[in-house]
Amino acid sequence: MQRKNMGADLTTIEKVAEEEEVDGCGQALGVSASLATDASWLRTLLERRVDARKDAHSNLLAKRESSSLYKLQIHNVKPECLDDYNRVTEEAIGHICHSGDYPCEIVGSWNTWYGEQDQAVHLWRYVGGYPALMEVSQKLSKDKNFCAFREKRGKMLHSRRNQLLLEFSFWNDPQPRTGPNIYELRTYQLKPGTMIEWGNNWARAIRFRQENNEAVGGFFSQIGELYVVHHLWAYKNLQSRVETRASAWQKSGWEECVYYTVPLIRRMESRIMIPLSISPLQ
């Protein structure tokens, strides 16, 4: 009975709004707009629909042939400590990667050049997913050399944070590169519930950004800040970046990706980064 009354009220509001709209005076238009808003609100209550999902977006968008998990570390370093931080961090990374005891590898390691200053960014790959991550964590907690490094590193930092990431199925696997290159990490905070739409658009558009070999990797967060996307690009220099990005706009279809994905974004950030000497991405 209540639903029937709401339907009758909705019909009345729509009818009055329709009559007021034909009146050309400004006052009538104001009343019309108000009534139309009420009608829209009531219709939302009566006709609300939920888009049913068959699976989590992580299963729909991530690479299925790989069980790799990625960790992104961002360290904000005290300015006077950056050189010492880079030195001890490269030693620790070398120890982890060359010992053969840890099922992980460093994908890339950088200092931020443009963006937040005195910052280090590290991207790790765990082959085997979460079990590999837990194995590494447990072993490192008992590694005396790493524990000494972590204590020394703690005195050099203002703050640190990390995220666990999965890789988009349609992006390249990050592979070592010879340099010199600069790297851009573009980070997008999306509106919750829009990851599938983002992935669908970029799956069609990524081909426009691969002709100059600039696409390094694309990831989305699983643990940490959620609904975050990271795109990693490589360029010879800043001028090459400008020219490569401009060339995408000359390709039919690229503008559609931008048009449909921009409304999904809440916040975005760009970092230009310089690789450390130990980074496989040079």
Side-chain angles (χ1 to χ4, degrees), residues 56-63 66-77 85 89 92-93 96-97 102-113 115-138 140-141 146 150 153-154 157-174 183-199 202 215-234 261 264-273 275-276 279-281:
H57 71 245
S58 58
N59 291 332
L60 296 172
L61 295 174
K63 279 183 166 51
S66 167
S67 57
S68 291
L69 178 72
Y70 291 82
K71 180 170 72 174
L72 182 70
Q73 295 178 306
I74 298 177
H75 294 166
N76 293 311
V77 186
Y85 168 89
T89 298
I93 290 174
I96 293 171
C97 294
Y102 302 97
C104 67
E105 55 190 357
I106 190 70
V107 176
S109 194
W110 305 269
N111 285 149
T112 300
W113 183 23
E116 202 165 345
Q117 297 294 281
D118 304 307
Q119 188 178 78
V121 179
H122 310 288
L123 183 63
W124 293 86
R125 180 191 288 121
Y126 295 85
V127 180
Y130 290 106
L133 173 71
M134 294 306 299
E135 180 181 346
V136 171
S137 297
Q138 291 169 1
L140 287 178
S141 68
F146 182 79
R150 187 167 55 188
R153 182 189 66 185
L157 301 181
H158 283 304
S159 63
R160 60 193 179 99
R161 58 191 171 96
N162 58 27
Q163 286 180 330
L164 294 181
L165 312 172
L166 295 179
E167 187 179 12
F168 282 113
S169 61
F170 49 85
W171 268 78
N172 317 356
D173 285 319
Y183 290 83
E184 181 176 19
L185 183 66
R186 294 180 70 87
T187 299
Y188 304 88
Q189 173 74 58
L190 303 185
K191 298 175 183 177
T194 62
M195 189 67 73
I196 294 291
E197 188 176 353
W198 179 276
W202 267 97
V216 178
F219 313 91
F220 59 97
S221 62
Q222 281 291 282
I223 296 179
E225 191 175 11
L226 298 179
Y227 283 96
V228 175
V229 170
H230 300 284
H231 291 175
L232 184 60
W233 309 94
T261 56
L264 311 180
I265 301 170
R266 280 187 165 177
R267 180 174 56 83
M268 58 189 296
E269 181 180 7
S270 170
R271 290 178 178 86
I272 301 297
M273 308 182 302
L276 301 184
S279 177
L281 289 168

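Start at 1 with the first residue, then count along the sequence.
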Q: Please report the C-alpha distance between Trp124 and Ile96 in whole Å, then the side-chain angles of each, then the deciding distance to 0.1 Å, and finally whether the side chain to side chain contact (heavy atoms under 4.5 Å, CB included) criterion is met.
A: CA-CA 11 Å; Trp124 293 86; Ile96 293 171; 4.0 Å; yes
Q. Do the side chains of Gln189 and Tyr227 get nearer than 4.5 Å, heavy atoms only?
A. yes
Q | Pairwise distance CD(Glu197) to CG(Leu264) - rounded to 0.5 angstrom | A | 4.5 Å
Q | Nearest-0.5 Å distance that lies between atom CG in Leu190 and atom CD1 in Ile265 | A | 7.0 Å
Q) So, do Leu61 and Ile196 sit near enough that their side-chain heavy atoms are less than 4.5 Å apart? A) yes
Q. Tell me, do Leu72 and Phe219 make a side-chain contact under 4.5 Å, heavy atoms counted?
A. no
**Q.** Side chain to side chain, Leu140 and Tyr102, heavy atoms closer than 4.5 Å
**A.** yes
Q) Is any side-chain heavy atom of Val229 less than 4.5 Å from a side-chain heavy atom of Thr187? A) no
Q | Closest approach of Arg271 to Val121 (non-hydrogen atoms, all atoms of both residues) | A | CD-CG2, 4.3 Å
Q: Quick one: pull up CG in Leu276 and CH2 in Trp110 and give me the separation to the nearest 0.5 Å.
A: 9.5 Å
Q) How are the rings of Phe168 and His231 set to each other: parallel, tilted or perpendicular (split at 30° and 60°)? A) perpendicular
Q. Nearest 0.5 Å, what's the CD-CG distance between Gln222 and Leu69?
A. 8.0 Å
**Q.** Closest non-hydrogen atom pair between Val127 and Ala132, with its separation
**A.** O-CB, 3.4 Å
Q: Side-chain contact test, heavy atoms from C-beta onward, threshold under 4.5 Å: evaluate it for Glu167 versus Arg125 and give yes or no.
A: no
Q: Begin with the C-alpha distance, continue with both residues' side-chain angles, and end with the deciding distance and a verdict on side chain to side chain contact (heavy atoms under 4.5 Å, CB included) for Glu225 and Gln163.
A: CA-CA 7 Å; Glu225 191 175 11; Gln163 286 180 330; 3.5 Å; yes
**Q.** Criterion side chain to side chain contact (heavy atoms under 4.5 Å, CB included) on Met273 and Leu232, from CA distance to verdict
**A.** CA-CA 10 Å; Met273 308 182 302; Leu232 184 60; 3.9 Å; yes
Q) Hey, does Ile93 have a side-chain heavy atom less than 4.5 Å from the side chain of His122? A) yes
(Q) Quick check on Met268: does its CE atom have over 12 non-hydrogen neighbours (other residues, nucleotides or ligands) under 6.0 Å away? (A) yes
(Q) Is any side-chain heavy atom of Phe220 closer than 4.5 Å to one of Trp198? (A) no
**Q.** Arg150 atom CZ, neighbour heavy-atom count above 12 within 6.0 Å
**A.** yes
Q: Enter the distance from Tyr188:OH to Thr194:OG1 here, rounded to the nearest 0.5 Å.
A: 13.5 Å
Q: Check for a donor-acceptor pair, side chain of Asn172 on one end and backbone N or O of Ala215 on the other, with a separation under 3.5 Å.
A: yes
(Q) Strictly distance-based, threshold 3.5 Å: is any side-chain N or O of Ser279 a donor or acceptor partner for the main-chain N or O of Gly108? (A) no
Q) Is the number of heavy atoms from other residues, nucleotides or ligands under 6.0 Å of Arg186 CZ greater than 12? A) yes
Q | Trace of the side chain to side chain contact (heavy atoms under 4.5 Å, CB included) decision for Leu123 with Leu165 | A | CA-CA 10 Å; Leu123 183 63; Leu165 312 172; 4.3 Å; yes
Q. Which distance, rounded to the nearest 0.5 Å, do you find between the OH of Tyr70 and the CG of Leu164?
A. 13.0 Å
